Amino acid sequence: MLTLSQIQQDPDKVIQQLQQRGVCHAETLVHRLLNIVQTKKQQQDQLEKINHQLKEHAKTIAQWMKIKTAAQKIDSLKKEISCLKKQQQKEKQQIQGYAQGIQDILVQLPNVFCTTVPIGKYSQDNTIVHERFFIHSLPKVVVPHWDIAQKYDLIDFSIGTKITGTGFPVYKNEGAQLQRALIQFFLTEAIKNGYQEIMLPLLVNHATAFNTGQLPDKEGQMYKIQDHPFYLIPTAEVPLTNLYQKRILSEKDLPIKHVAYTPCFRREAGSWGSNVRGLNRLHQFDKVEIVEIHTPQQSFQAFKKMIAYVQQLLEKLQLTYRKVLLCSGDLGFTAYCTYDFEVYAPGQKKWLEVSSVSHFDTYQAHRLQLKYEEDEQQRKHWVHTLNGSALALPRVMASLLETYQTAQGIQIPSVLLPYAYHLRESTVFRV
RNA sequence: AGAGGGUUGGCGGAGUGGUCGAACGCGGCGGUCUUGAAAACCGUUGUGCCUGCAAGGGUACCGGGGGUUCGAAUCCCUCACCCUCUGCCA
């Protein structure tokens with residue numbers, strides 16, 4: 001969340017950036033916000049004066065209680081008090097209203113963004129900053145992964161539909177094993193790179209979903225449990241980052257680097273076009289997520305390293321990929337800067353997003369109430385949070401099946417062989 | 001899920017209606033003593049907001065929210081969490 005002081009410092013810059021992110025009425029919102037803040041402050045002053053008087057009166061009564069003859073004086077003072085209390089009540093209500101108004105505006109403002117972010121409205125305005133092609137010998141007829149999955153009995157989409165509904169695929173045989181191998185590969189790579197593995201709850205409460213920015217912005221995208229105030233996580237980012245809600249870390253605790261594998265659940269309401277097939281978009285999918293917490297001084301260096309880390313995963317899998325710097329209009333609600341990684345799926349002739357690596361600056365820290373204390377001066381500062389998919393499984397699987405298809409079957413990338421105990425032959429033959 | 005007990009400052013732990021932001025102990029910080037350290041002793045020690053150049057002043061906060069009262073950490077309601085017992089279950 002943006003803080004009031006952030007906005008007050010340079011309202012015009014905030015307005016401009018919000019507009020560039022596509023926030024409607026950014027100017028009106030910010031101005032209204034600043035107005036309410038001003039009014040609330042004045043009101044607060046008055047309330048505090050009343051509170052002070054009431055406190056004094058209470059003390060006076062306490063004194064008078066000791067004297068028996070003061071009963072009359074007490075009564076008349078009580079009358080005065082009841083008058084003050086009416087005022088107090090009124091002020092309180094108004095202030096509460098203002099506070100709510102401020103909160104209502106603040107929670108709907110997305111983050112500001114980094115100077116390196118290109119200005120643009122749509123994904124076409126994103127900048128492709130890097131591309132890497134890997135040449136694989138493809139068969140004459142290159143097919144999409146859903147055909148491959150069916151041919152070799154790797155994934156059953158229709159049975160998933162019967163069990164649950166569309167978007168819940170069932171992985172079978174080598175499909176399941178390959179999935180497991182990928183998870184294991186991603187986790188092991190992360191651990192080798194200094195990430196601490198965490199296993200997390202898949203259900204979170206309202207506050208947790210708010211802290212990382214999913215609420216109220218993405219309320220409609222999350223599954224909610226009916227009889228409990230819980231949401232199914234749309235990404236491990238939510239519980240993982242929230243491990244540190246309401247904390248003051250000491251500087252020597254930083255950096256924090258975590259990795260977690262979880263299933264993710266998304267309603268994907270409204271985004272189910274006819275071109276969504278196979279593994280391209282699902283309601284439940286697996287993902288390995290990395291989260292880092294840093295001091296502001298170190299976070300940008302760390303961001304670069306995270307990006308490089310995700311990049312080398314794709315290098316190791318030898319999937320053709322490109323790295324995309326998101327433009328202002330395409331940034332996620334909480335992001336200060338984001339790089340997406342897309343892999344090429346030759347069967348569909350499409351680029352599929354498999355990772356989003358984001359720097360959140362202090363936006364999440366504000367909501368999490370997460371600070372760190374400088375070792376030497378004991379001064380407290382907001383931390384910077386970062387996260388990235390490393391990686392999201394289904395589209396990696398899609399690209400992998402399509403990229404590594406041969407006339408005989410699917411060739412398994414050699415880096416996965418240590419993790420794929422049942423796939424030693426390096427090729428899947430099932431017809 | 002039912003019954004009972006609990007939630008107080010960095011930690012432990014008092015406090016059941018009146019000047020309580022909260023005894024006491026530990027820890028932390030500063031000092032005395034010491035060549036240095038320990039021990040001992042003395043002092044100090046929560047956070048947010050408003051106001052002030054500052055010193056200071058004001059206000060809010062004893063799990064969250066609401067209520068009773070002139071006055072609430074203390075009484076009432078409610079929610080959350082923790083502990084114990086009973087039940088159920090992977």
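Just so it is clear, the model here is predicted, and its values are computed rather than measured. In what follows, chains are A, B, ... by sequence order, proteins preceding strands, each numbered from 1. What's counted below: heavy atoms across the whole structure, side chains too, no hydrogens, waters or symmetry copies.
- Set against B:G66, B:U19, B:C70, the side chain of A:Ala62 has B:U19 as its closest nucleotide.
- Protein atom CD1 of A:Ile248 is 12 Å distant from nucleotide atom P of B:C11, rounded to whole Å.
- A straight line from CG of A:Leu47 to C1' of B:C49 spans 12 Å, rounded to a whole angstrom.
- Residue contacts for A:Ile81: at a heavy-atom cut-off of 4.0 Å it reaches the sugar-phosphate backbone alone, with no base atom in range.
- Listed nucleotides B:G18, B:G71, B:U59 differ in distance to A:Lys85; the shortest reach to its side chain belongs to B:G71.
- Spacing between atom CG of A:Asn51 and atom C1' of B:U59 amounts to 7 Å, rounded to whole angstrom units.
- For the pair A:Arg367 and A:Phe210, the cation sits on the ring face: its NZ or CZ lies under 6.0 Å from the ring centre, inside 45° of the axis.
- Taking atom CG on A:Leu77 and atom C1' on B:G18, their separation rounds to 14 Å, with Å as the unit.
- Residues A:Leu178 and A:Leu401 meet the side-chain proximity criterion, which asks for heavy atoms closer than 4.5 Å.
- Contacts of A:Glu80 with the nucleic acid, taken as non-hydrogen atoms under 4.0 Å apart, are absent.
- Distance A:Gln42 CD to B:U59 C1': 17 Å, rounded to the nearest Å.
- Within 4.0 Å of A:Gln96, counting heavy atoms only, lie sugar-phosphate atoms of the nucleic acid but no base atom.
- Side chain of A:Lys59, nearest nucleotide from B:U19, B:G18, B:C50: B:U19.
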Next item on the list: Carefully, step by step, assess A:Glu189 and A:Lys316 under the rule salt bridge (Lys or Arg N to Asp or Glu O under 4.0 Å).
Entry: CA-CA 10 Å; A:Glu189 285 292 308; A:Lys316 283 186 177 159; 2.7 Å; yes
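- Among B:G18, B:U19, B:G58, the nucleotide with an atom closest to any side-chain atom of A:Gln63 is B:U19.
- Nucleic acid contact class of A:His57 (heavy atoms, under 4.0 Å, all strands): none.
- A:Lys49 comes within contact range of no nucleotide atom at all, as no heavy-atom separation falls under 4.0 Å.
- Both A:Ala58 and A:Phe230 sit near RNA chain B, but only A:Ala58 has its closest nucleotide nearer the 5' end.
- Between A:Tyr404 and A:His145, the gap from one ring centroid to the other reaches at least 6.0 Å.
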